[in-house]
Amino acid sequence: MLRAALGFALVLLGAVRPPIQPRIDAQVLLVIANGVAHGARLANALAGSLPAGRTRNVIADRRLASPDAEALNGLSTVHAPGLAPRSVWRISSFARLGEYLRLRRALGARAPRYSSSRFYDEYVFLAQALRFLLAMDVVPTTAGLMVCDFDRDAYSSPWLWACERLGIPTVTAVHGTPSALTYLPLLAETVLAWGAVQRAWFTQLAPGVRATLAGRPDIASRVPVAGAVERVIICHSREELKPSEATRLADLAERYRRSGVECVLRLHPTAAEPVGAGWNMVAAQCRVEVVGFEPLSESLVRGDFVVGVVTSALIDALIDGYPVAVFADPERPLPADIAAIAEYSRERSFVGRDMRYLPSGYVEALNALSHTLVDAVGEESQERIRDLLDRLVDGDRKSVDEVG
């Protein structure tokens, strides 16, 4: 309620001063929804993948961006607000408030619900209406392409909508392992799939969208998995564990601990304690680690074995050369990438007689799986993306369809 009240007050205050009207005149537009933590790494990699010799703008809320988001400093950056009151109030105007009221009356009782507070929902609708009106006003008809780091994010949707309205090609990278809840329906017409597993998932569930094998430009290199285990890292992702999952994770930690292997429960970056049903049982067998926003890849060392239920951190760990396993109940719906690891975890024994060494068959299977989950990394991935975007800017959608 307080946040919504502040939002309405700031928006009304902002209407009495000239609104920010960003100037966007580039051929290629990069929309950064997540400029913090590992999102900054993806933003920087996408900025480095943009075609050379083209005028470029980055569209982002600079107020919320991490200092690590070099893309916000290395390219001409357009400050465009997110939904926070302190960001959105400066694009308010009496004309836009009038258009918001017209849209709100047209919706009537069909206004969307975002939370348990109707007052907060009304503020979110107001803020998003202002952002859509801004995008409609400032996206140039001369733009050749828009790229975003997260297709379904509330931040990206106005810009994708404005480009679709103007016939400008749109491309989305993949921020995390996609699920139907987080990525469908796709708004962009092209998606940069990490690998064959992800591409097959998009092709099946979003048949009207071009899915191309782009890999991970934000990962520098691929390291083969090794089988020695000196520490077990259980990744908490705020999910509620089913009884079978909690029991299996706790049993695994207990067995490793009895073998002299340290077991760590790594909390989700937004948690200061094991949030979610079942996690206290796991925590009782582990050292609990509060990590803040440090990426998992920066905290791992050789000999770590990374375990989780639905976290996309498992993909990063696997590509970085760490063995992984998924402990999800067979009835739990999983993103396609995590489901592929879960299938290997169920079908192959990953615990040998000596708990400190994973069976060679399981390690070999993980190394093979790595390439189906992420087809290319680093400069190879960036070059693929750069070539695709170049052709889209030139209007060569036919050859892109053939590659995709």
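FYI, side chains are in, hydrogens and waters are out, and symmetry mates aren't considered; it's all heavy atoms of this structure.
- Comment: R199 does not engage D375 in a salt bridge, judged by the lack of any side-chain N to carboxylate O separation of less than 4.0 angstrom.
- A salt bridge between R54 and D394 is present, with a side-chain N of the basic residue lying under 4.0 Å from a carboxylate O of the acidic one.
- With respect to the salt-bridge test (charged N to carboxylate O, under 4.0 angstrom), the residues R255 and D251 do not qualify.
- In this structure R216 satisfies the salt bridge (Lys or Arg N to Asp or Glu O under 4.0 Å) test together with D218, D316, sequence neighbours excluded.
- R17 pairs by the side-chain hydrogen bond (donor to acceptor under 3.5 Å, both in side chains) definition with nothing, not counting sequence neighbours.
- Atom CD of E164 sits in a sparse spot, with 12 or fewer heavy atoms from other residues, nucleotides or ligands closer than 6.0 Å.
- Residues W279 and E240 form no side-chain contact, since every pair of their non-hydrogen atoms from C-beta on lies 4.5 Å or further apart.
- Salt bridge absent: R332 and E239 never bring a charged side-chain N and a carboxylate O closer than 4.0 Å.
- Remark: R96 fails to qualify as a cation-pi partner of F132 under the 6.0 Å distance and 45° angle criteria applied to the six-membered ring.
- Using bins of under 30°, 30° to 60° and over 60° for the plane-to-plane angle, the ring pair H268/H236 lands in the perpendicular bin.
- At a threshold of 4.5 Å between non-hydrogen side-chain atoms, the residues W159 and I24 count as touching.
- Annotation: the span from F125 atom CZ to L83 atom CG amounts to 12.5 Å, rounded to 0.5 Å.
- Using cut-offs of 30° and 60° on the angle between ring planes, the pair Y183 and F150 is tilted.
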